[in-house]
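Below: the structure, in structure tokens.
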Amino acid sequence: EAATAAGQGVIATAHHADDSLETWVLKLLRGTHLSHIKGMESRAGLYIKPLLHVPKDRLIHFLKSQGLEWKEDGSNQVDKYKRNKVRLRLLPLMAEVAGGEAALKARMEEMTWQSKGLEEWLDGAANAWEERHTADAPFDIAKAGDELWIGVTENAASSSSFSSSSVSMWEPLPRLLKEELLHRFVARVTQGTISLPYGQVRRAMEQLKRDEKEAEGGRKKKLQWRLEVGEGWVLGRQGDVLRVTKEESEGQRGEERES
């Protein structure tokens, strides 16, 4: 509170490399995107973790060399909590199978590095696509950022009419990039209220794929569907446009009728 009030300084925590490994495994178990496979962040706001790359055994060895005692919460050794189970059971088994702790940590670091590369590519590609989407969306759209035009073509804004017969900017994109754009779109419109779980991203993508297959088969269908994404927010398609809207609850509608 003092650091926040002063608006300066940092708060250092004693998290070490072993803690980060536990977080890495827990993320995998809970479910995380391929572009977010990583342990703890070295900094988050005012909090920093200066020992994050130092293994626990090295810290213990250093303290002993200085005549100091390692202090640890007794609950860390209780095989009750999920993190403790990962620390006491799962990580030792993984290290044994991998060929030792050093081998396990090396593989985790390699996967983290690859994941970081994927994250950087997705972020850059998504930013570039969103810029083109905003520039080339039909010029009668006031807020292109609040609508996702999956049928818009390059330079459509320079034309007096929207051509749905041309190949859209959306159609040739890799699936992972489409999923990232969909996730970002929902988060942006809901101002961060909704972080779309991958299961819902996948449901929306499967529906879009069904739409494409029906169009390829020559079947003319009114493209309209809706998917509830939580807290009253709905992702819906109307023609070539995806929108995210907030629906009123029954209570809100009742209050309006009474007023």
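Each residue takes its place number in the sequence, starting with 1.
Val201 is not connected to Val234 by any chain of hydrophobic side-chain contacts under 4.5 Å among Ile, Leu, Val, Met, Phe, Trp and Tyr, and they are in different clusters. Under a hydrophobic-cluster definition in which Ile, Leu, Val, Met, Phe, Trp and Tyr are linked whenever side-chain heavy atoms come within less than 4.5 Å, directly or via other members, Leu176 and Leu242 are assigned to the same cluster. By the criterion of side-chain heavy atoms lying less than 4.5 angstrom apart, applied directly or through intervening Ile, Leu, Val, Met, Phe, Trp or Tyr residues, Val86 is grouped together with Leu28 in one hydrophobic cluster. Residues Trp24 and Leu52 fall into different hydrophobic clusters, defined by Ile, Leu, Val, Met, Phe, Trp and Tyr side chains chained together at heavy-atom separations under 4.5 Å. Trp225 is connected to Val229 through a chain of hydrophobic side-chain contacts under 4.5 Å among Ile, Leu, Val, Met, Phe, Trp and Tyr, so both are in one cluster.
The salt bridge (Lys or Arg N to Asp or Glu O under 4.0 Å) test applied to Arg87 returns Glu22, not counting sequence neighbours. With sequence neighbours left out, the side chain to side chain contact (heavy atoms under 4.5 Å, CB included) criterion links Glu206 to Arg202, Arg210. Here Thr190 pairs with Val186, Thr193, Ile194, Trp233, Val244 under the side chain to side chain contact (heavy atoms under 4.5 Å, CB included) rule; sequence neighbours left out. Under the side-chain hydrogen bond (donor to acceptor under 3.5 Å, both in side chains) criterion, Arg203 pairs with no residue, sequence neighbours left out. Partners of Ala98 according to the side chain to side chain contact (heavy atoms under 4.5 Å, CB included) rule, which considers only residues two or more places apart in sequence or in another chain, are Leu104, Arg107. By the salt bridge (Lys or Arg N to Asp or Glu O under 4.0 Å) test, Arg58 pairs with no residue at all, sequence neighbours left out. With sequence neighbours excluded, the residues that form a salt bridge (Lys or Arg N to Asp or Glu O under 4.0 Å) with Glu228 are Arg226. Judged as a salt bridge (Lys or Arg N to Asp or Glu O under 4.0 Å), and not counting sequence neighbours, Asp57 has no contacts. For Gln200, the side-chain hydrogen bond (donor to acceptor under 3.5 Å, both in side chains) test picks out no residue, with sequence neighbours left out.
Applying the side-chain hydrogen bond (donor to acceptor under 3.5 Å, both in side chains) definition to pairs two or more places apart or across chains, those involving residues 28-51 are His33-Ser35, Lys38-Glu41.
Classification of Arg175 and Glu179 as a salt-bridged pair holds, one side-chain N sitting under 4.0 Å from a carboxylate O. Between Asp79 and Lys85 no salt bridge is recorded (no basic side-chain N to carboxylate O distance below 4.0 Å). Salt bridge absent: Glu110 and Lys116 never bring a charged side-chain N and a carboxylate O closer than 4.0 Å.
We find the CZ-CE distance between Arg89 and Met94 to be 15.0 Å, quoted to the nearest 0.5 Å. Taken to the nearest 0.5 Å, the NZ atom of Lys82 stands 12.5 Å off from the CG atom of Asn84. Taking CG from Leu51 and OG1 from Thr13, the interatomic distance works out to 8.0 Å, rounded to the nearest 0.5 Å. The distance from the CZ atom of Arg83 to the OG atom of Ser75 is 12.0 Å, given to the nearest 0.5 Å. Note that CD of Glu101 and CG of Leu91 are 8.5 Å apart. Values are rounded to the nearest 0.5 Å. Separation of atoms NZ (Lys56) and CG (Leu21) is listed at 12.5 Å; rounding is to 0.5 Å.
By the neighbour-count criterion of 12 heavy atoms within 6.0 Å, atom OH of Tyr198 is densely surrounded, having more than that number from other residues, nucleotides or ligands.
Residues Ile150 and Asp211 have side chains not in contact (no heavy-atom distance under 4.5 Å, counting atoms from C-beta outward). Looking only at side-chain heavy atoms (C-beta outward), Lys105 and Asp18 come within less than 4.5 Å of each other. Side-chain atoms of Leu181 and Phe185, non-hydrogen and from C-beta on, never get closer than 4.5 Å to each other. You'll find the side chain of Leu235 reaches within 4.5 Å of the side chain of Leu182, heavy atoms only. Side chains of Lys209 and Lys213 form a contact here, defined as non-hydrogen atoms less than 4.5 Å apart. Counting heavy atoms from C-beta on, the side chains of Leu90 and Val25 come closer than 4.5 Å. In this structure, Met111 and Met108 have side chains that are not in contact, with every pair of non-hydrogen atoms separated by 4.5 Å or more.
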Discussion item. Using the rule given for side-chain hydrogen bond (donor to acceptor under 3.5 Å, both in side chains), can you reason through Trp170 versus Asp240, listing the C-alpha separation, both sets of side-chain angles and the distance that settles it, and then say yes or no?
Written reply: CA-CA 10 Å; Trp170 174 269; Asp240 286 315; over 6 Å; no
Practice prompt. List the steps and the verdict of side-chain contact (heavy atoms from CB on, under 4.5 Å) for Glu171 and Leu173.
Written response: CA-CA 6 Å; Glu171 188 176 332; Leu173 296 178; over 6 Å; no
Worksheet item: Under the side-chain hydrogen bond (donor to acceptor under 3.5 Å, both in side chains) criterion, do Gln224 and Arg237 qualify, and how do the steps go?
Response: CA-CA 5 Å; Gln224 188 168 338; Arg237 176 170 186 170; over 6 Å; no
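A donor-acceptor contact shorter than 3.5 Å links the side chain of Thr23 to the backbone of Asp19. A donor-acceptor distance shorter than 3.5 angstrom exists from the side chain of His133 to the backbone of Trp149, with no hydrogens or angles considered.
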Can I get a per-line list of side-chain donor-acceptor pairs under 3.5 Å for residues 59-70, giving both atom names and the distance, sequence neighbours left out?
from  : atom 1 : to    : atom 2 : distance (Å)
Ser65 : OG     : Phe62 : O      : 2.5
Trp70 : NE1    : Glu72 : OE1    : 2.8

For residues 121-131, which side-chain donor-acceptor pairs fall under 3.5 Å, sequence neighbours excluded?
from   : atom 1 : to     : atom 2 : distance (Å)
Asp123 : OD1    : Arg184 : NH1    : 3.1
Asn127 : OD1    : Arg184 : NH2    : 2.4
Asn127 : ND2    : Asp123 : O      : 3.2
Trp129 : NE1    : Met169 : O      : 3.3
Glu130 : OE1    : Arg184 : NH2    : 3.0
Glu130 : OE2    : Arg184 : NE     : 3.4
Glu130 : OE2    : Arg188 : NH1    : 3.3

